[in-house]
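What follows is a set of notes on a single structure, which appears directly below.
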Protein chains: 2
Amino acid sequence: MPQSQRQLEERQMRKERILSGALQVFKKNGIDGATMDEIANASGFGKATLYYYFKSKEDVLTAILLDGWLKIWESLEPVIGEQKSPRKTFINVLIKIAENAQNRPGLFEFLFNVPKVVKIENQPWKEYQERLYSVIKGLLEDGVKSGEFPNVNPNHMFKALGGLFMGLVFMGDREEPVTDKDVEKLLNQLITDPTISKK
Amino acid sequence: MPQSQRQLEERQMRKERILSGALQVFKKNGIDGATMDEIANASGFGKATLYYYFKSKEDVLTAILLDGWLKIWESLEPVIGEQKSPRKTFINVLIKIAENAQNRPGLFEFLFNVPKVVKIENQPWKEYQERLYSVIKGLLEDGVKSGEFPNVNPNHMFKALGGLFMGLVFMGDREEPVTDKDVEKLLNQLITDPTISKK
DNA sequence: CTAATTTTCGACTATTAATTCGATAAATAT
DNA sequence: ATATTTATCGAATTAATAGTCGAAAATTAG
């Protein structure tokens, strides 16, 4: 009756294995195109076993998303905690995200694109996503206020950055980690640091 | 046996009516979520009649997309034809797209987002989409070469612009047409015209 | 070792929705 | 006015697939 620690851990492993197979299939066929049969194959279990671990297909998807966002958020927390300048923090946040993206390739592109396809009502991962977005927007605003960024509309910056960053991290065929130099360069193409390039 | 002109036109009308109902439903429920029954209702025909005019659900979707991209492209051709400076042409192209987007609200957001959801193999509309993208990229490159844009990576610019522009045109609650002032302003937030703001 | 429990799974069921059928009506032609 | 062509549609068919069932194998407990 007393579930042993090992038992619990193995259970967790199996869940992760299913999630990983599911991600593959979701990415290949799209969310609606993915079938439980194929997910079962991809993860090496029988279909019925999926339902032993997860309530439904939707539940599987939600688990992938929640887990993904949670891990991003956790890796970001310390960076956000450090009391550096908005610009410095901002750059570190981007680097951290890039790091995440490169550790688990595929997952993050999925994470950032899936909201367009899913009914987002009471999705538990939505909270973490929103937190991340509001932190970034906050940093932009603070940076503008403190004069570290030139006076552009933070909302516009945010959107432009989205396109740029996704391009850099996801589409890129690069293997090497994204360095702060990369991010600085990218950033300088959009907004020159007024404290440096006073010219 | 000789289909009268009017007959052909009425037929065309009916097809458009179906397409318009279908777009509504696609937008509301997503592509996979949309049912032919609902499309039939929305467009005021019986379900079987849809199949009299279109081969399949996919065919309906393709027709929407092809028609949309074709119309964008046609409206853009003259603007591209005029031999103005890259920067001027670039701005005019953006304005034209914005115009299109406002004339048929809903369609264009759909047009620009749907590729993420659809298997894009031999899609006839893909060609027009690619043409548009390559024109824009070309203008950016020419602008950089001629010194009208500062020397940023055109690929990055392109992506950043995507985010920005979509924000301005689609998300915005604005009713008024997008003017060249708007586009200039937007543009200047990203890239200052070196021929003006030499400071 | 035997009983309980956890895990696994292929076959079955139920549902949903795309597509087709067959009949009928409306319009057009002769 | 009759025949032919064009248009319409609800009902039936079919296909796909999410989710369930009941049995059995593996593991753990006493």
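Every chain is numbered from 1 and lettered A, B, ... according to where its sequence line falls, protein lines coming before strand lines.
- Atom CD of E9(A) is separated from atom P of dT28(D) by 13 Å (rounded to the nearest Å).
- Put simply, R11(B) has a side-chain N or O that comes within less than 4.0 Å of OP1 or OP2 on dA7(D).
- Atom CG of L8(B) and atom P of dA27(C) are 18 Å apart (whole Å).
- Between W69(A) and F112(A), the distance separating the two ring centers is shorter than 6.0 angstrom.
- Atom C1' of nucleotide dA18(D) and atom CG of D32(A) are separated by 12 Å, given to the nearest angstrom.
- Between P86(A) and E148(A), the shortest heavy-atom contact is CD-OE1, 2.9 Å.
- If you measure from atom CE of M36(A) to atom P of dC9(C), you get 14 Å, rounded to the nearest angstrom.
- Scanning residues 38-55 of chain A for heavy-atom distances under 4.0 Å to DNA chain D yields K47(A), A48(A), Y51(A).
- Between K57(A) atom NZ and dA16(D) atom P there is a gap of 15 Å when expressed in whole angstrom units.
- In this structure, N100(A) and I72(A) approach most closely via the heavy-atom pair ND2-CA, 4.1 Å.
- In this structure, D37(B) atom CG and dT19(C) atom C1' are separated by 11 Å, rounded to whole Å.
- Following rounding to the nearest Å, Q7(A) (CD) and dA29(D) (C1') show an atom-to-atom distance of 10 Å.
- The shortest heavy-atom contact between L50(B) and M36(B) is CD1-O, 3.6 Å.
- Using a cut-off of 4.0 Å between Lys/Arg side-chain N and Asp/Glu carboxylate O, K96(A) and E99(A) are scored as salt-bridged.
- Where E58(B) and E10(B) each meet DNA chain C at their nearest nucleotide, the meeting point lying more 5' is that of E58(B).
- Ring centroid separation for the pair F149(B) and F90(B) comes in under the 6.0 Å cut-off.
- Where the helix from dC1(C)-dG30(D) to dT30(C)-dA1(D) starts and where it ends, the local axes point in directions that differ by 0°; five pairs per end, rounded to 10°.
- For R6(A) and dT5(C), the CZ to C1' distance is 13 Å, given to the nearest whole Å.
- In terms of position along DNA chain C, the nucleotide closest to R14(A) lies nearer the 5' end than the nucleotide closest to the other residue of the pair A34(B) and R14(A).
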Test log, rule side chain to side chain donor-acceptor pair (under 3.5 Å), inputs T89(A) and E82(A): CA-CA 8 Å; T89(A) 306; E82(A) 299 171 9; over 6 Å; no
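- Closest non-hydrogen pair, F45(B) versus R17(B), comes out as CE1-CD, 4.2 Å.
- Across K57(B), K27(B), K47(B), K28(B), a single residue satisfies salt bridge (charged side-chain N to carboxylate O under 4.0 Å, His left out) together with E38(B), and that is K28(B).
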